[in-house]
Amino acid sequence: MSQVLPDSWQRHLGPEFEAPYMQSLRAFLAREKDARKVIYPHSDHWFRAFELTPLDQVRVVVLGQDPYHGPYQAHGLCFSVRPGIPAPPSLQNIYKELAQDVGTTPVSHGFLESWARQGVLLLNSVLTVEQGNAGAHRGQGWEAFTDRAIQVVNEQCDGVVFLLWGSYAQKKASFVDRQKHLVLHAPHPSPLSAHRGFFGQRHFSQANAFLAARGREGIDWQLPAQPEFIQSP
């Protein structure tokens, strides 16, 4: 298991790689590979969210559950898909809300790295999945690692916006200090729940207003018309 983390993350998350739960997770993933199961995303991208958004640059946190399980989709950022893959339904709903909220122009792709490079930590709770088997790697240890990552942001950063969509994300980050950070709740943007209160929440403009009030630059939510795929920094 590679440990390509920026120094700011490594300082706090490095010890996790020696923890018993991580040893068990490592063994589980090795067994899956030995059984010829296809795992997404590629191991080079398991920690992509941390590579693109160093701890000292985190301004917004978005939490997902586990990676997309279809071919060529997952690349280590929640809700995001690789260039050339159409935006999945939940992301299309995010685009609709963005257009209503901050006037962005929807794009034809679902590649969100430009957000990550601006300080939006796009973190899944579980960082791997078996092809065609949603949730197959839940309960194997990733949740402990990502819980610790959220705890580190809560403790080490000031004035971060947490966008918690759906009950799963809301429970996972329930301990975040609301005196230090802005925590915004909404239903999940999936087609099953988006119309029950995701639309119209204006989380994106609220996030930028909160950042501006603290003298921090807001996020440019407008994605480039063409996805810009840049190798790891």
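When reading the values below, keep in mind they use all heavy atoms of this one structure, side chains included, and skip hydrogens, waters and symmetry mates.
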ring-ring contact (aromatic ring centres under 6.0 Å, His included) partners of residues 113-137, not counting sequence neighbours, each pair once
Phe28-His137, Trp115-Trp221
By side-chain contact (heavy atoms from CB on, under 4.5 Å), Arg36 pairs with (sequence neighbours left out) none
Do the ring planes of Trp142 and Phe145 sit parallel (below 30°), tilted (30 to 60°) or perpendicular (above 60°)?
perpendicular
Checking Leu184 now: which residues fulfil side-chain contact (heavy atoms from CB on, under 4.5 Å) with it, not counting sequence neighbours?
Val161, Leu163, Leu182, His203, Gln206
Listed by chain and number, what are the side-chain hydrogen bond (donor to acceptor under 3.5 Å, both in side chains) partners of Thr104, not counting sequence neighbours?
none
For Asp147, what residues pass the salt bridge (Lys or Arg N to Asp or Glu O under 4.0 Å) criterion, not counting sequence neighbours?
Lys172
For the student: nearest non-hydrogen atoms of Gly197 and Ala186, plus distance
O-CB, 4.3 Å
I'd like to check Ser80 versus Arg48 (side-chain heavy atoms, cut-off strictly below 4.5 Å). Are they in contact?
no
Full working for salt bridge (Lys or Arg N to Asp or Glu O under 4.0 Å) between Glu155 and Arg148:
CA-CA 10 Å; Glu155 293 171 352; Arg148 177 59 185 148; 3.7 Å; yes
Which pair of non-hydrogen atoms, one from Ala116 and one from Thr53, has the smallest distance, and what is that distance?
O-OG1, 2.7 Å
Could you give all pairs that pass the salt bridge (charged side-chain N to carboxylate O under 4.0 Å, His left out) test and reach residues 87-96, with sequence neighbours left out?
none
Partners passing side-chain contact (heavy atoms from CB on, under 4.5 Å) against Arg196 (at least two apart in sequence or in another chain)
Ser193
Are side-chain heavy atoms of Phe111 and Leu223 found at a separation under 4.5 Å?
no
Donor-acceptor pairs under 3.5 Å, side chain of residues 86-95 to any protein atom, not counting sequence neighbours: which ones?
| residue | atom | partner | partner atom | Å |
| --- | --- | --- | --- | --- |
| Gln92 | NE2 | Ala87 | O | 2.7 |
| Asn93 | ND2 | Pro189 | O | 2.8 |
| Tyr95 | OH | His109 | O | 2.8 |

Qualifying residues under salt bridge (Lys or Arg N to Asp or Glu O under 4.0 Å), relative to Arg202, sequence neighbours excluded:
Asp101
Among all residues two or more places apart in sequence or in another chain, which pass the side-chain contact (heavy atoms from CB on, under 4.5 Å) test with His195?
Phe199
Which residue pairs pass the side-chain hydrogen bond (donor to acceptor under 3.5 Å, both in side chains) test with at least one member in residues 54-66, sequence neighbours excluded?
Asp66-Arg138
Members sharing Val38's hydrophobic cluster, built from side-chain contacts under 4.5 Å between Ile, Leu, Val, Met, Phe, Trp and Tyr, are Tyr40, Val129
